[in-house]
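Accompanying notes for the structure given below.
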Amino acid sequence: MEMGKILLAMEEYTFTFLAMAVGFLVVVYLYEPYWKVRHVPGPVPLPLIGHLHLLAKHGPDVFPVLAKKHGPVFRFHVGRQPLIIVADAELCKEVGIKKFKSMPNRSLPSPIANSPIHLKGLFATRDSRWSAMRNIIVSVYQPSHLAGLIPAMDSCIRRAAAASLGDGEEVVFSDLALSLATDVIGQAAFGADFGLSGKPPAPPSVDGGAAAAEKSASSEFINMHIYSTTSLKMDMSGSLSTIAGTFLPFLQKPLRQVLLRLPGSADREITRVNGELRRMMDAIVATRATASPAPAPRPPHKSKDFLSVVLAARESDASTRELLSPDYLSALTYEHLLAGSATTAFTLSSLVYLVANHPEVEDKLLREIDAFGPHDDRVPTADDLQTKFPYLDQVVKESMRFFMVSPLVARETSEQVEIGGYALPKSTWVWMAPGVLAKDPVNFAEPEVFRPERFDPAGDEQRRRHPYAFIPFGIGPRVCIGQKFALQEIKLAVIHLYQRYVFRHSPTMESPLEFQFGIVLNFKHDVKLRVVKRRKDC
Ligand code: HEM
């Protein structure tokens with residue numbers, strides 16, 4: 001009897017001990033990343049969710065709020081993972097440029113870590129592989145090469161405007177901008193005409209039956225691409241395994257394996273779509289790779305597209321062929337479409353939305369555009385875009401400042417480094433906050449006012465501003481590779497549109513605009529505008 005009691009007590013003790021040990025390990029697991037950076041100021045994180053409740057409450061505005069309270073370097077916990085947010089122009093210069101060698105890579109949040117097709121693009125690759133790939137691609141985005149893309153960009157813009165903009169009509173401008181930007185990047189990345197923003201004016205660039213196959217594959221590809229882009233959520237509305245990965249990263253992979261077998265789960269659908277995308281990319285790449293080695297001469301205006309540059313590089317030597325294996329090639333191509341369309345479309349939509357609400361800006365912009373000459377006379381050259389549209393330049397910058405599509409820019413330390421007086425150990429996630437810089441009254445007086453003149457190079461505000469206070473394309477060697485491409489496209493589109501139309505807010509549009517936090521910022525609802533033709537005869 002006595003013996004039985006003793007055994008029972010021992011069992012209870014063992015159970016309690018085990019429960020305590022497991023509890024202790026869970027707490028250690030949850031707090032281990034926090035422990036390493038606990039000396040950096042920040043609000044108290046809640047168990048499991050960290051500071052996500054603050055993101056839910058304030059939206060992207062949470063970061064300026066926290067910077068005001070905790071200073072320019074602070075902690076923000078996405079679930080278990082602390083981010084060290086850097087919200088000061090000089091310190092961003094340190095992170096992005098001066099100490100680049102200690103932070104050359106991006107940390108990957110769970111939506112990307114969960115998505116094989118995103119992992120092999122330029123954005124997510126690391127160290128020497130990244131620099132080798134970037135060196136190959138960068139030639140596509142040199143100014144001389146970009147100048148050659150103007151006719152293709154212009155024809156997409158004309159077609160989109162002609163197909164969708166009728167006098168007095170309401171248009172979902174954010175959709176139009178996305179179709180347009182996707183068509184433009186399709187031309188530049190694949191040499192293919194998706195025809196999303198209107199009927200393709202000419203046959204696609206590859207001949208014969210392969211061309212038809214490529215085109216229909218491309219259209220399907222775009223629909224999936226949009227699904228795939230919008231499923232990359234940073235808040236808690238993503239797939240279940242992504243959410244689990246935010247709280248307990250070790251669970252993400254095994255849970256995903258289970259969810260993949262569950263019909264109707266978001267994980268299964270995302271994986272299906274990504275698999276399809278991957279197959280389509282492989283088909284497009286294969287078609288192009290096996291095309292005649294001596295392609296027909298291009299029309300004089302036709303510039304080489306991204307894929308042809310990358311394929312040619314792959315043929316140049318064995319090490320490049322190894323570097324750009326089929327996996328990497330399809331991921332890179334897909335990434336260009338992804339990175340180049342949502343961002344540019346968001347910026348174009350923001351600009352037109354803001355100008356519609358600021359008649360004094362619209363007047364000044366129209367005067368500059370009209371001074372260039374009557375529409376249809378000539379398409380601006382790259383040189384014209386540089387020199388003849390200084391006010392447009394200011395309007396683009398102010399729109400990007402006002403609604404910043406990429407308010408956070410990620411890095412990860414590869415060794416211990418000191419930022420703003422805080423020692424950050426290896427593997428710390430350091431995220432710069434261009435969105436906070438853009439709303440800082442020190443560099444932008446009355447930041448909530450839309451005033452393009454603040455970017456006038458002769459103005460006081462611009463001259464006094466820190467050179468890295470406005471970094472919508474990021475900073476340093478990992479700066480956006482498509483920056484000049486995007487600006488060229490946005491300026492061409494704005495000139496074309498305002499030569500012919502002005503826009504007014506539609507009464508059916510939700511106001512004020514709301515945003516959702518994906519891998520980039522997106523509109524929660526459509527940007528709906530009413531089209532007013534400037535001259536009824538055109
Ligand atoms: C308004 C349009 C755009 C904005 C605001 C934008 C913004 C950004 C930002 C903030 C980054 C991160 C930079 C950093 O880490 O320092 C980035 C990276 C990147 N962007 Fe863009 N982007 C735009 C358009 C484009 C276009 C048109 C393309 C391609 C044609 C593109 C391709 C890329 C790629 C490949 C990267 C990764 C670069 C690397 O890691 O080396 N982006 N972009």
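The basis for the numbers below is simple: all heavy atoms, side chains too, and nothing from hydrogens, waters or symmetry mates. Remember, it's 1-based here, ligands and their atoms both numbered in the order they're listed. Since the model is a prediction, treat every value here as computed from it, not as a measurement.
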Check whether the side chains of D383 and T381 place a donor and an acceptor atom closer than 3.5 Å, and report yes or no. no

Are T413 and W429 close enough that a side-chain donor and a side-chain acceptor fall under 3.5 Å? no

Could I get the full list of side chain to side chain donor-acceptor pair (under 3.5 Å) partners for D127, not counting sequence neighbours? N105

So, for [X] and [Y], is the gap between ring centers shorter than 6.0 Å?
{"X": "H51", "Y": "F63", "answer": "no"}
{"X": "F372", "Y": "F389", "answer": "yes"}
{"X": "Y498", "Y": "F503", "answer": "yes"}

Only heavy atoms count here, so choose which of M432, R134, M400 is nearest to atom 38 (C) of ligand 1. R134

Only heavy atoms count here, so choose which of L122, T347, V95 is nearest to atom 1 (C) of ligand 1. T347

Of the side chain and backbone of V520, name the one, both, or neither that has a heavy atom under 4.0 Å from an atom of ligand 1. neither

Classify the contact between R106 and ligand 1 as side chain, backbone, both or neither, using a heavy-atom distance cut-off of under 4.0 Å. side chain

Q386 atom CD: more than 12 heavy-atom contacts under 6.0 Å: no

Pi-cation contact, F100 with R411 (under 6.0 Å, within 45°): no

With a cut-off of 2.8 Å, strictly less than, protein N/O/S atoms near atom 21 (Fe) of ligand 1 add up to 1

